[in-house]
Number of protein chains: 2
Amino acid sequence: MQDNSASILLIDDHPLLRKGVKQLIEMNPNMQVVAEACNAVEGIKQAQKYDPDLILLDLNMPEINGIETLKMLREENVSSRIVVFTVSDNEEDVVAALKAGADGYLLKDMEPEDLLTSLEQAATGTLVISPRLTTLLAQALQSNKRSDKIDMQTLTPREKQIIRLIANGMANKVIARKLNITEGTVKVHVKHLLKKLRLRSRVEVAVWAVQEGLN
Amino acid sequence: MQDNSASILLIDDHPLLRKGVKQLIEMNPNMQVVAEACNAVEGIKQAQKYDPDLILLDLNMPEINGIETLKMLREENVSSRIVVFTVSDNEEDVVAALKAGADGYLLKDMEPEDLLTSLEQAATGTLVISPRLTTLLAQALQSNKRSDKIDMQTLTPREKQIIRLIANGMANKVIARKLNITEGTVKVHVKHLLKKLRLRSRVEVAVWAVQEGLN
DNA sequence: TCTGGTATACCACTAAAGTGGTAGGCGGGC
DNA sequence: GCCCGCCTACCACTTTAGTGGTATACCAGA
């Protein structure tokens, strides 16, 4: 950039909203909208052309949605900070966005001045999140805590212990050494827990356990 | 309880702090401290005796720490809401507490009136989190997003595809049928991706992939 | 054109995982 | 006291998984 203001790319399919956001952003002399796009393909093209400091990305877009766009941007090795800017306070969206590598998640109903502050922070690399999402984030982390009790109940303590070790990728032999029992005995436990969980291999056990947060 | 105020159990090894919190809580007629404990064992005993609506749990305790205590309480099927109350704004602690099933995480440096409000909410079943932890929670969800990019980059499309199938628990033979290639070829791909990811078995691949959200 | 990476296939081999059955010791409940 | 569930152990056996090497074909970049 010719000056040292932060360059921003807007990706949103609503022209009016882009206009409004652009006006708001350019009230702050430290930030500048260098490009706009109304869909994923266009957005990626612009991102590669301008390599902006910050990309403001809408989630609800026709054809390719925001999360997909985000993943595609990352695939293309776009190094810009990417902040999702959306109306959706849906848990799945927030979690998906963050897991896909979003550097922020801001809601469109924010106060304009708060938005400006957040964008400035985001441009410098700070992870910004609308405060309203705190509780939701915490719930996402808890996620599955109590749902597994049903299956887990039928397992003996030893079996649960072995499931955790499998979910850490350990082989039977390693588990045996760790628990000071023979490999044969480990196999017995594995056999039993496979039956109880109605799974077909230790890989399935590992996947299940990791998803339940057991490791 | 004889009245309909929320019953609270304090578990904290600092008597002075317990005293302070108790005084604060009882300024609100809707809440009442029914018991106190200075360690895990005592805490569990009291929890079972009084079955309080809410347990306020310190993390830094001698012998058995707060997270362990939390797990033990859940093991004992204590149904009280459990809110962690600590000085630690450490990411690991927050995440561990929530994963262990905490119904809240409050920092000791909160304003007393905010604390009271939060406790009241917690007693009614709302998940309460100190606002200061928002960013941290989001980071925890992102977790390791970019650390692996290096690894992922070296993988061929075919290998990525096979990783996803492994992460769904599939055996080589099943993968072969799905991709219309021989089992031997699948093994070749698996061999290569194991090398690239420096993992030792498909179980480790599955665990890694699930944690990265690849399935 | 040559090189290098990718995808495929086959082979032989070793190692690990999973199955089936038997069995002893141990602790809790009827 | 007896039975039952749990943990342990051993056995033989089959199936999967993983290793090492060789080889063909395709495609893209130097």
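A note on names: the letters A, B, ... follow the listed sequences, proteins ahead of strands, and every chain is numbered from 1. Only heavy atoms go into these numbers, but all of them, side chains included; no hydrogens, no water, no symmetry mates. Owing to the predicted nature of the structure, the values given are computational and were not obtained by experimental measurement.
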Round to a whole Å and report the spacing from CG of B:N180 to C1' of C:dA9.
15 Å
Do B:K108 and B:D58 pass the salt bridge (Lys or Arg N to Asp or Glu O under 4.0 Å) test, and can you show the C-alpha distance, the side-chain angles, and the key distance before you say yes or no?
CA-CA 9 Å; B:K108 285 187 176 171; B:D58 186 27; 3.2 Å; yes
With a 4.0 Å limit, can you tell me whether B:T185 has a side-chain N or O closer than that to the phosphate oxygens OP1/OP2 of C:dA9?
yes
Do B:Y105 and B:D89 come within less than 4.5 Å of each other through their side chains, counting heavy atoms only?
no
Find the distance B:R158:CZ to C:dA7:C1' and express it as a whole number of Å.
8 Å
Measure from the side chain of B:V188, starting at C-beta and using heavy atoms only, and say which of C:dA17, C:dA9, C:dA7 lies closest.
C:dA9
Just so I know, are the side chains of A:N172 and A:R202 near enough to count as touching, which here means a heavy-atom distance under 4.5 Å?
yes
Rounding to a whole Å, what distance do you find between B:H192:NE2 and C:dG4:C1'?
14 Å
If you check every side-chain atom of A:V190, which of D:dA17, D:dC7, C:dG18 has the closest atom?
C:dG18
Taking the minimum atom-to-atom distance to the side chain of A:K191, which one of D:dC7, D:dA17, C:dT19 wins?
C:dT19
Quick one: B:L155 CG to C:dA7 C1', roughly how many Å, whole number?
15 Å
Indicate whether OP1 or OP2 belonging to D:dG5 is found under 4.0 Å from a side-chain N or O atom of A:T156.
no
Please determine whether a side-chain nitrogen or oxygen atom of A:N172 lies at a distance below 4.0 Å from atom OP1 or OP2 of C:dA16.
no
Note: for A:K187 and B:E159 on DNA chain C, the residue whose nearest nucleotide lies more 5' is B:E159
Whole-Å distance, A:K195 NZ to C:dT19 P, equals 6 Å
For the pair made of NE2 in A:H189 and C1' in C:dG18, what is the distance, rounded to whole Å?
15 Å
To the nearest Å, give me how far apart CD1 (A:I181) and C1' (D:dC10) are.
14 Å
Say whether, by atom type as modelled, one donor and one acceptor occur between the side chain of B:T126 and the main chain of B:V128 under 3.5 angstrom.
no
Between B:M31 and B:L119, is there a side-chain heavy-atom distance shorter than 4.5 Å?
yes
Selected nucleotide, minimal atom distance to A:K173 side chain, candidates C:dA7, C:dA16, D:dG18
C:dA16
If each of A:S201 and B:G184 is mapped to the nucleotide of DNA chain C with the nearest heavy atom, which maps nearer the 5' terminus, i.e. the 5' end?
B:G184
Rounded to whole Å, the CG-C1' distance (A:L199 to C:dA17) equals 15 Å
